[in-house]
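Order of listing sets the numbers, starting from 1, for every ligand and every atom in it.
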Amino acid sequence: MEPILVYGYPSGTSMGLVAALEWLGQPYKLCRVDMLGEMREPSYTRINPRVETPVLITDQGRPLTETMAIAAHLEARDAQRRISFEPLSPEADRMHQFMGFLNTGFTGAFWPLWAALELPEPDPEFEAALRRFGRKAVAERHDKLEAMIGDGNWLVGGKHTLADGLLAGVARWLEFHEVAELSRWPKLQALRQRVEADPAVVFATALENGQTPTGSGAFKGHLPLAEVIERFGVGA
Ligand SMILES: N[C@@H](CCC(=O)N[C@@H](CS)C(=O)NCC(=O)O)C(=O)O
């Protein structure tokens with residue numbers, strides 16, 4: 001069977017893995033999940049007990065969670081090195097470094113901003129504190145990322161890779177949370193413009209938005225969440 005990526009909307013980081021699957025060029029299916037609705041049904045815990053996206057249903061039918069684990073799985077399937085590099089090469093190490101940074105500190109810096117947005121009850125003082133803390137953390141992580149970016153067209157090694165996919169999924173939260181002008185980080189701005197204009201990222205973003213774009217041909221259609229849980233979920 002083809003692997004199936006369960007990706008979340010709105011504005012999920014998993015969009016970057018959809019783009020990576022396009023770049024990888026091997027047949028895959030998708031399952032589009034409303035993170036504010038159906039993901040919160042108890043049955044979802046059968047594919048991810050932590051109630052998050054993404055989840056990859058592997059070609060063996062096993063649910064695999066956590067972005068870094070999914071990325072490692074895709075890398076292992078990438079014999080032609082379309083989205084990764086030769087294991088143990090300097091480029092592979094550098095790509096993993098970027099992915100680790102993006103998936104941890106960079107993504108985590110946004111959590112206070114999400115928390116401010118999702119407060120269960122109005123609490124203006126706490127909300128303002130969360131926003132102040134979050135904006136500072138996000139700007140600081142952007143400064144660090146700007147310093148890490150080289151002169152190439154992509155994050156590492158002159159081609160788009162899993163690292164660029166992860167960047168595409170999360171970096172757009174800067175605008176979503178109205179933290180700062182992207183032009184404050186010129187290297188990141190140029191890189192993001194390139195990544196976000198890439199056909200695979202445009203395709204993945206359109207799918208996330210509920211449109212029906214034409215991709216590279218590797219995408220073999222969506223499955224409903226209920227079917228994915230019924231066929232591949234753990235337990236009853
Ligand atoms: N450590 C996980 C984090 C995944 C994560 O936080 N996903 C978000 C969407 S980007 C989510 O599902 N959040 C749950 C929610 O919105 O309630 C990973 O890297 O895959």
Show me a pair-per-line table, with atom names and distances to 0.1 Å, of protein N or O atoms that are under 3.5 Å from an N or O of ligand 1.
residue: ligand 1; atom: 1 (N); partner: E66; partner atom: OE1; Å: 2.6
residue: ligand 1; atom: 7 (N); partner: T53; partner atom: O; Å: 2.8
residue: ligand 1; atom: 12 (O); partner: T53; partner atom: N; Å: 3.0
residue: ligand 1; atom: 17 (O); partner: R40; partner atom: NH2; Å: 2.8
residue: ligand 1; atom: 19 (O); partner: T67; partner atom: OG1; Å: 3.1
residue: ligand 1; atom: 19 (O); partner: N103; partner atom: ND2; Å: 3.1
residue: ligand 1; atom: 20 (O); partner: T67; partner atom: N; Å: 2.9
residue: ligand 1; atom: 20 (O); partner: T67; partner atom: OG1; Å: 2.8

Should the pair E175-R192 be classified as a salt bridge under the 4.0 Å nitrogen-to-oxygen rule?
-> yes
For E91, which residues count as a salt bridge (Lys or Arg N to Asp or Glu O under 4.0 Å) partner, sequence neighbours excluded?
-> none
What class does the angle between the rings of H142 and F106 fall in, given that below 30° is parallel, 30 to 60° is tilted and above 60° is perpendicular?
-> tilted
H96 meets the ring-ring contact (aromatic ring centres under 6.0 Å, His included) criterion, sequence neighbours left out, with none
Hits for ring-ring contact (aromatic ring centres under 6.0 Å, His included) against H73, two or more places apart or cross-chain, chain-then-number order -> none
Given the side-chain rings of W114 and F176, with only the six-membered ring counted for Trp, is the space between their centroids under 6.0 Å?
-> yes
